[in-house]
Amino acid sequence: MTQPINKNNFAKLRIANFTSIELSLTHVLNVDSQDVQLALAELRKYADLPYVYILTKEHIKSVVDLLTELKSIRSTCYPHALYLIGGADSGFEELDTDELGLDIIKLDTYNADIIADNIHSYANSKFIFDYQKLKLESNKMLPDKVDVVIVGAGVTGIYAANKLLENKISFCIVDKKDIIGGIWSEYANSTSQVNTSEGAYRIIEKKMRTNRDHSTTREILEDISQLSRNISDHLFLNTEVDRIDKLDNSYQINMTRGQKKHTVKSRGVILAINDRVGTPREINWENQNSYQGQIISGISNAADDFDWQNKNVAIIGMGAFAVENARTALEGGARHVTVVCRRHGTVCPKIIDYLNFTTPYDENFKHDNKSNMRNMLFWKKLYDQSGATQPECWMGKIKHDGHTISVSDIWFIGHYLKKIETITGTMTGMYEDGVIVDHQHRVAADVVVNCVGFHRNASKVKEICNYKEMYNNNYVDKDFMYLADAYIDDDAFNSLFGSSVLEMAKFYLDVYIYFFGRNDYFSMIRSDGIETISIEDRKWSHYISAAATLMKHYPDIYNAARKQVSERTRNFLEAHDLETYIHANKREWVDTHSLLAGRPMSAEACLPYIFQKLIDKKI
């Protein structure tokens, strides 16, 4: 018997059905292949899940034409597999499956149940990530000497290693854990998504299909896994750095690997140890043992098998993990979500984040005031119409210091449908049926999700080296860079990095390679605007202002930044042009209302989709 496609044990995907076979599955999109352009437009409205296509012999030519169109823009709607039904192989025999970049699966049957079972098996094998792929290990001995030692094998460390490889700079990369991926493999759950638009968190430029916008954990881990293959001979896991010392013009890094001590000498060091996200905060609430419901962590895979259906959910905290868990609970069928927070974090709809990365920058990497004002007016109107509470810092500041900006459409839709609310205050205890806020307000909850955040990790750097200070351009010393996320203050959202740590890392890796081994490093750090800061007090505003200084004094760095931003924008718009993005976002907007309401809803009954004006009036 065919299992429903949206069960927890079934990886979600979308089936583009070009046949007349009726499939009793969700996420089936029936497509008419006779008009390729109409089919293309219809597919791109549903760009939120990975695709497989089902076709018979008569659809082959038009589907091949459709694949050519999708490949030319590297659309996320380019399928992962073609199901050729009833021996529909004529026309594909001479095609190179490697060149197509997809799987071709032939089924000599028209039986809908058999087809559905096959898709079920394919989805679970293809779209549930195997974490063993991240447990790489070099059989080689640690080198005695390299140009650069990279500490940390998360996204930034793996990306940095590939950049050094491209520039023929020798390196080794070490991590104390037995798995690569950093916070993505340690703290993200299976429903996590990147909290920034796809164009600003693109690890790999792909030939066939880009990742989905606000890419999923699986997509990011697949990219990390792919990048790691290039540098696996230089990667050493279960290797902890004990000490970094400077010796004249080089560094001595003492490490422990499998109970054995090793020393590596290098010309440079890159610390890719996450600063802002350290160890999770642990907390025990008063009378916690009296609570009869379930308490789960909002990080890692703690809630993977949890049944949210008809549950009243209390989420403690309002950072990015809290907003993400609210989405997961509501999509899983929760009856109601209450978010308990000390202050309201800033949440923006996906289209606002999209505009932040696609609006052109001026020569100083600033958006024009008119565009910023337009976006803020849309944003404020959405808060007003949805009933969601604006952050207390508005309109003076876009967000509270220390907070990121969470990106979520379901936040506003959930408020509009009265499925979610926020309560400001401190959780002071628990009672049998829920949580207590400020010693007096009781919130009933079947499940409590702990999203109280993380300790900062900056003190780790002081433990392994003598440095108490560094520079605001991420340099600790000559050829020694601390390349990690930092405390989010001020207007990171409107910087050229767009609050994406990966975009920041890309910029500063260009800087690192530019100055590597060069003595003009010393004149660079004496430039006006390059300042000494506490190594435990790194902030986004530090490396944003330092980037402006570097671009002002070094034309090559300015040109590299201009290239980075222009390519990012061009590549993002290639797969997600504004008109297509609006159509897809509006379709998903209505579908999300229907999902949360538990019944079909018309566009007229939904929270008004005010962003249609962006293409109707070309504003």
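Since this is a predicted model, take the numbers as computed values, not measurements. What you see below is based on every heavy atom in this structure, not just the backbone, and it leaves out hydrogens, waters and symmetry mates.
- In this structure, Asn167 contributes its side chain and Ile169 its backbone to no donor-acceptor pair below 3.5 Å.
- For the pair Arg526 and Tyr521, the cation-pi test (distance below 6.0 Å, angle within 45°) is failed.
- The residues Glu363 and Arg562 are annotated as not salt-bridged, no charged nitrogen and carboxylate oxygen being separated by less than 4.0 angstrom.
- The shortest distance between side-chain heavy atoms of Glu392 and Thr424 falls below 4.5 Å.
- In summary, Arg202 and Glu198 engage in a salt bridge, as defined by a charged side-chain N under 4.0 Å from a carboxylate O.
- Atom CD of residue Glu166 and atom NZ of residue Lys168 lie 9.5 Å apart, to the nearest 0.5 angstrom.
- More than 12 non-hydrogen atoms from other residues, nucleotides or ligands lie less than 6.0 angstrom from CD of Glu205.
- Between Phe516 and Tyr512, a ring centre-to-centre spacing shorter than 6.0 Å is recorded.
- Other residues, nucleotides and ligands place more than 12 heavy atoms under 6.0 Å from the CG atom of Asp520.
- No hydrogens or angles considered: nothing links the side chains of Asn211 and Arg218 as a donor-acceptor pair under 3.5 Å.
- Minimum heavy-atom separation, Val264 to Pro143: CG2-O, 3.1 Å.
- Under the 3.5 Å distance criterion, the side-chain polar atoms of Ser495 are matched with a main-chain donor or acceptor of Phe497.
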Practice task
Could you please spell out the steps behind the salt bridge (Lys or Arg N to Asp or Glu O under 4.0 Å) verdict for Arg327 and Asp409?
Solution key: CA-CA 9 Å; Arg327 172 180 58 81; Asp409 286 349; over 6 Å; no
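- No cation-pi contact links Arg538 to Tyr487, judged by a cut-off of 6.0 Å to the six-membered ring centre and 45° from its axis.
- Inspection of the Asn189 and Asn301 side chains reveals no N or O donor paired with an N or O acceptor under 3.5 Å.
- Looking only at side-chain heavy atoms (C-beta outward), Leu502 and Thr196 stay at 4.5 Å or farther from each other.
- Under a 4.0 Å N-O distance rule, the pair Lys350/Asp213 does not qualify as a salt bridge.
- Between the Asp362 side chain and the Lys366 main chain, a donor and an acceptor come within less than 3.5 Å of each other.
- Remark: side-chain polar atoms of Trp394 are paired, donor with acceptor, to backbone N or O of Ile398 under 3.5 angstrom.
- Residue His403 holds its NE2 atom at 8.0 Å from OG1 of Thr346, rounded to the nearest 0.5 Å.
- Distance alone, capped at 3.5 Å, is enough to place a donor-acceptor pair between the His542 side chain and the Lys539 backbone.
- Relative to the six-membered ring of Tyr514, Arg518 meets both conditions, a distance below 6.0 Å and an angle of at most 45° to the axis.
- Around the CE atom of Met376, the shell of radius 6.0 Å holds more than 12 heavy atoms that belong to other residues, nucleotides or ligands.
- Enclosure of atom CD in Glu282 is not indicated, since only 12 or fewer non-hydrogen atoms of other residues, nucleotides or ligands lie within 6.0 angstrom.
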Handout entry: Candidate pair Asp479 and Arg267, rule salt bridge (Lys or Arg N to Asp or Glu O under 4.0 Å), full reasoning
Key = CA-CA 7 Å; Asp479 298 326; Arg267 296 166 60 195; 5.6 Å; no
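- In Lys176, the NZ atom is not crowded: 12 or fewer heavy atoms of neighbouring residues, nucleotides or ligands sit closer than 6.0 Å.
- Considering only heavy atoms from C-beta on, Lys478 comes within 4.5 Å of Asn519 through its side chain.
- Using a 3.5 Å distance cut-off with no hydrogens or angles, the side chains of Ser371 and Asp368 do pair a donor with an acceptor.
- A 4.5 Å side-chain heavy-atom check between Ile244 and Tyr467 finds every atom pair outside the cut-off.
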Practice task
Begin with the C-alpha distance, continue with both residues' side-chain angles, and end with the deciding distance and a verdict on side-chain hydrogen bond (donor to acceptor under 3.5 Å, both in side chains) for Arg243 and Asn466.
Solution key: CA-CA 9 Å; Arg243 189 74 188 165; Asn466 284 325; 2.3 Å; yes
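- Residues Phe480 and Tyr475 place their aromatic rings such that the two centres sit no closer than 6.0 Å.
- When side chains are defined from C-beta on, Glu469 does not count as touching Ile533, because their heavy atoms never get closer than 4.5 Å.
- Looking only at distances, a side-chain donor or acceptor of Lys399 sits under 3.5 Å from a matching main-chain atom of Ile488.
- Note that SG of Cys172 and CG of Asp233 are 12.5 Å apart. Values are rounded to the nearest 0.5 Å.
- Here Ile203 contributes atom CD1 and Trp184 contributes atom CH2; the two are 8.5 Å apart, rounded to the nearest 0.5 Å.
- Other residues, nucleotides and ligands place more than 12 heavy atoms under 6.0 Å from the NZ atom of Lys206.
- Looking at Asn472 and Tyr543, their side chains never bring a donor and an acceptor atom within 3.5 Å of each other.
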Practice task
Start with the C-alpha distance between Asn356 and Asn375, add both sets of side-chain angles, then the distance that settles side-chain hydrogen bond (donor to acceptor under 3.5 Å, both in side chains), and finish with yes or no.
Solution key: CA-CA 9 Å; Asn356 192 48; Asn375 295 347; 6.0 Å; no
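- Side-chain atoms of Asp275 do not come within 3.5 Å of backbone N or O of Ala486 as any donor-acceptor pair.
- Using a cutoff of 4.0 Å between basic side-chain nitrogens and carboxylate oxygens, Asp144 and Lys265 are not scored as salt-bridged.
- Side-chain atoms of Thr328 come within 3.5 Å of backbone atoms of Glu324 as a donor-acceptor pair (strictly under, hydrogens ignored).
- Counting only heavy atoms from C-beta outward, the side chains of Asp242 and Lys261 approach each other to under 4.5 Å.
- In terms of heavy atoms, Val449 sits closest to Ser297 at CG1-C, 4.3 Å.
- Across Val476 and Met470, no two heavy atoms sit closer than the pair CA-CB, 4.0 Å.
- By the 4.0 Å N-to-carboxylate-O rule, Lys380 lies close enough to Asp384 to be salt-bridged with it.
- Under the 3.5 Å distance criterion, the side-chain polar atoms of Thr239 are matched with a main-chain donor or acceptor of Leu237.
- Ring centroid separation for the pair Phe454 and Tyr187 comes in under the 6.0 Å cut-off.
- Atom CG of Leu578 sits about 6.5 Å away from atom CG of Leu355, to the nearest 0.5 Å.
- Within the 4.5 Å cutoff, the side chain of Val148 has no heavy atoms near those of the Val269 side chain.
- Counting only heavy atoms from C-beta outward, the side chains of Tyr201 and Val155 approach each other to under 4.5 Å.
- The aromatic ring centroids of His576 and Tyr354 lie 6.0 Å or more from each other.
- The aromatic rings of His415 and Trp411 lie tilted to each other, with the angle between the two planes from 30° to 60°.
- Dense packing is recorded around CZ of Arg343, with more than 12 heavy atoms of other residues, nucleotides or ligands lying under 6.0 Å away.
- Residues Phe515 and Tyr554 bring their aromatic ring centres within 6.0 Å.
- Ring pair Phe365/Tyr558: centre-to-centre distance below 6.0 Å.
- Aromatic ring centroids of Phe357 and Phe572 lie 6.0 Å or more apart.
- Ile315 approaches Cys451 most closely through the heavy-atom pair CG2-SG, 4.0 Å.
- In this structure, Lys135 NZ and Asn238 CG are separated by 9.0 Å, a value rounded to the nearest 0.5 Å.
- Judged by distance alone, the side chain of Thr263 and the main-chain N or O of Asn254 form no donor-acceptor pair under 3.5 Å.
- Ionic pairing of Lys460 and Glu240 is present here: one or more N-O contacts between side-chain nitrogen and carboxylate oxygen are shorter than 4.0 angstrom.
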